[in-house]
Amino acid sequence: MSFDPRTYLMGLMSTARETVAPENRDTAILIERPKQASHGDFSSNLALQLAKPLKANPREIAIRLIDALPPSALLEKVEIAGAGFINFTLTSVAKTSIVADVLAKGADFGRSSLGAGQKVQVEFVSANPTGPLHVGHGRGAAYGASLSALLSFAGHSVTREFYVNDAGRQMDILALSTWLRYLELHAEPVPFPPNAYRGDYVMGMAVQIRDAHGDRYVHPAEALLACVPPAPEVGRADDEAKRQQEDHLDGLIASAKDLLGEHWSYVHGHVLTEQLADCRNDLEEFGVHFDHWFSERSLFDTGMVESAIARLEQAGHLYVQNGATWFRSTTFGDEKDRVVQRDNGLYTYFASDIAYHLNKYERGFERIIDIWGADHHGYIPRVCGAVQALGLDAKKLEVALVQFAVLYRDGQKTSMSTRAGEFVTLRELRGEVGNDAARFFYVMRKSDQHLDFDLDLAKSQSNDNPVFYIQYAHARICSVLSQWGGAIADLIATDCQPLTGERELALCGRLREFADVIEAAAGELAPHQIAFFLKDLAGDFHSYYNAERLLVDDQPLKLARLALAAAVRQVLQNGLWLLGVSAPEQM
RNA sequence: GCGGCAGUAGCUCAGCUGGAUAGAGCAACGGCCUUCUAAGCCGUAGGUCGGGGGUUCGAGCCCCUCCUGCCGCGCCA
């Protein structure tokens with residue numbers, strides 16, 4: 001059975017509290033890990049907390065608490081320090097017991113039952129399938145994947161979901177863009193609108209369609225342009241011109257649908273399938289898997305949008321104004337009410353999102369985590385409002401915002417503008433710095449903080465690069481263990497009493513911290529804490545490795561050190577796995 | 001203008017939800033390779049936690065206010 005010092009110390013302190021302050025059983029006993037090594041392995045501020053109710057000097061209370069502490073063979077010493085902190089130092093036997101614990105649990109070490117099997121849905125990326133994923137999506141992907149792994153490791157039952165926006169205007173624009181390129185290939189050029197999709201991949205899809213179907217979908221350019229509102233004059237950029245441009249684009253879509261008839265859905269379906277496959281493939285290569293790909297269009301096809309809106313109507317949260325149907329989101333704290341159905345009868349994106357969230361609740365998730373780009377934060381009040389208006393428990397819904405990543409090369413920001421279809425894609429980034437560095441760099445900052453992604457650093461094979469620093473520690477341990485040549489399984493039973501050095505005990509303390517880090521990181525939806533922990537653990541090991549030789553002649557000492565190294569390796573593996581980063585045996 | 005997020009060492013960032021003398025990594029300076037991977041280690045220096053009030057035994061963290069920066073504020077998605 002593994003030894004948990006925190007629970008153990010809480011038990012001892014609880015006994016002491018019973019003697020010293022029987023009236024104050026409600027005062028929580030906190031066992032903390034001091035920042036400074038000289039403050040012992042664990043500390044409690046109970047005496048400080050009791051100072052007020054007992055109306056006594058905290059240091060005196062601390063003395064009384066210590067006197068009332070049951071004797072323990074696992075404690076090296078108990079001291080009073082500072083204002084009245086009680087510091088505990090464990091015996092080295094108690095500290096080193098973690099090594100056998102790690103080796104016995106292996107890949108499951110650190111796994112927690114904190115989540116108690118709670119059904120959690122994590123929805124992330126959910127990019128429009130209208131083009132390649134760019135570096136902004138990459139951060140959401142890396143964060144969502146690591147967070148999901150972390151929650152799962154912490155005992156939740158996690159479903160990873162990608163919401164496919166396959167119903168909206170953007171998809172129509174992509175289909176139109178592709179068809180326009182296709183017409184160009186057949187010498188029926190139509191002036192290509194600047195607000196259509198201009199990326200090379202669009203022409204690629206047009207070529208595919210031509211190769212498969214020849215001129216089957218060709219129509220004269222004049223026919224297409226016949227009833228379309230004109231594009232604004234070239235060079236104008238005022239609001240009026242912008243609106244004209246959008247009207248022109250919508251006119252082209254309507255005209256194309258008209259001309260192509262049922263062939264429109266072929267083009268639309270083709271580009272959707274292509275882009276979705278590309279997106280999926282990109283994410284799979286990045287080590288990001290989804291359990292469900294949820295189609296927005298299915299919400300319309302099955303009538304879920306209508307029924308969700310009807311439910312809001314019944315609850316009296318809708319009204320009609322200027323021909324449109326509005327949701328009174330201001331009731332729930334939003335700045336203004338929001339349209340759910342336009343005057344032209346079409347539902348807004350918000351309407352299908354309401355239905356989508358209703359569906360999430362209906363699927364029985366006890367916790368729903370939406371991961372959005374930080375630029376969507378203004379969207380939160382209306383979605384939470386809709387959830388409440390539907391009579392659902394808004395506390396189950398959490399929105400985690402992910403800030404943009406800014407790429408730096410040679411100390412300069414690299415342009416990420418989407419105009420002219422030129423943006424840095426996730427695939428390009430992965431190709432340049434590798435999956436490991438990309439996954440790690442994306443999550444090494446708090447997700448709601450801006451991220452400066454230094455491409456040169458991510459590529460560098462030096463100690464500056466935290467990915468290599470951690471992986472190098474792992475590879476070093478592999479190298480030593482393979483030179484020893486024994487079976488790792490045999491190390492589980494190793495007597496770790498020879499481990500008495502300061503660095504060895506510090507390393508044991510670090511290993512013990514892993515479980516705490518998992519629970520804290522899962523609780524705060526903060527996988528970056530894993531990244532920081534791994535850097536610390538790798539640092540502790542490198543330091544130890546440089547100070548002591550592992551393969552010494554003294555057999556018991558050698559085995560104990562190898563067991564410790566093997567335990568460090570295991571925890572590095574477990575942590576890296578959570579982040580989706582490989583743990584190479586050689587570098 | 002309103003709302004959201006942020007401001008911590010020269011740079012990039014942590015800071016375990018209010019605890020002890022605020023921590024890392026770069027960059028700077030000085031050391032360590034005939035010995036298990038120097039992609040590493042050891043040491044030195046570096047701070048008015050944006051400013052000012054407040055709350056209490058105790059504040060980088062909580063409240064108020066001001067300054068600065070980023071983002072959002074469509075019958076787009």
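The structure displayed is predicted, hence computed values, not measured ones. Protein chains get the first letters and strands the later ones, always in sequence-line order, with residue 1 at the start of each.
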A:E585 near the nucleic acid: base, sugar-phosphate alone, or nothing, with a heavy-atom cut-off under 4.0 Å? base
If you pin A:L551 and A:H376 to their nearest nucleotides in RNA chain B, which one's is more 5'? A:L551
Within the pair A:Q403 and B:G4, is there a side-chain N or O less than 4.0 Å away from OP1 or OP2? no
When the P atoms of B:G7 and B:C16 are considered, how many whole Å apart are they? 13 Å
Using a cut-off of 4.0 Å on non-hydrogen atoms, how would the nucleic acid contact of A:Y379 be classed: base, sugar-phosphate, or nothing? base
Check this for me: does the side-chain of A:D375 come within 3.5 Å of the base of B:G72 through a donor and an acceptor? no
In whole angstrom, give the distance that lies between atom CG of A:N195 and atom P of B:G74. 19 Å
OP1 or OP2 of B:G74 sitting under 4.0 Å from any side-chain N/O of A:R243? no
It should be established whether A:K242 places a side-chain nitrogen or oxygen under 4.0 Å from OP1 or OP2 of nucleotide B:G74. no
Rounded to whole Å, the CG-P distance (A:D452 to B:C13) equals 4 Å
Between B:G25 and B:A14, how far apart are the P atoms? Round to whole Å, please. 16 Å
Round to a whole Å and report the spacing from CZ of A:R33 to C1' of B:A20. 17 Å
Any side-chain N or O of A:K446 under 4.0 Å from OP1/OP2 of B:G15? yes
Here the distance between atom P of B:G25 and atom CZ of A:F468, to the nearest Å, is 19 Å
It should be established whether A:R549 places a side-chain nitrogen or oxygen under 4.0 Å from OP1 or OP2 of nucleotide B:C41. no
Tell me what A:T325 touches on the nucleic acid: a base, only sugar-phosphate, or nothing, going by heavy atoms under 4.0 Å. nothing
Can you tell me, in whole Å, how much space there is between the C1' of B:A20 and that of B:A59? 14 Å
For A:S543, which contact category applies under a 4.0 Å heavy-atom criterion: base, sugar-phosphate, or nothing? sugar-phosphate
Considering only the P atoms, how many Å lie between B:C70 and B:G58, rounded to the nearest integer? 38 Å
What contact category does A:K535 fall into here, base, sugar-phosphate, or nothing, at under 4.0 angstrom with non-hydrogen atoms? nothing
Select base, sugar-phosphate, or nothing to describe what A:Q586 touches, counting heavy atoms under 4.0 Å on all strands. base
Below 4.0 Å: OP1/OP2 of B:A39 and any side-chain N or O of A:R476: no
Expressed as a whole number of Å, how far does the P atom of B:C49 sit from that of B:C41? 31 Å
With heavy atoms under 4.0 Å as the rule, sort A:F532 into base, sugar-phosphate or nothing. sugar-phosphate
Name the nucleic acid region contacted by A:H39, choosing base, sugar-phosphate or nothing; use a 4.0 angstrom heavy-atom cut-off, strictly under. base
Quiz item: A:N87 side-chain donor-acceptor pair to B:A20 base, under 3.5 Å: yes
Which sits closer to the 5' end of RNA chain B, A:D343 or A:A81, going by the nucleotide each is nearest to? A:A81
Can A:Y469 be classed as stacking with the base of B:A39, given a centroid separation cut-off of 5.5 Å and a plane angle cut-off of 30°? no
At under 4.0 Å between heavy atoms, what does A:E548 touch on the DNA or RNA strands: base, sugar-phosphate, or nothing? base
Suppose you measure atom P in B:U8 against the same atom in B:G50; what distance do you get, rounded to whole Å? 6 Å
Separation of B:G15 P from A:R445 CZ (nearest whole Å): 11 Å
Look at A:Q483 and B:U37 and indicate whether a side-chain polar atom (N or O) is within less than 4.0 Å of OP1 or OP2. yes
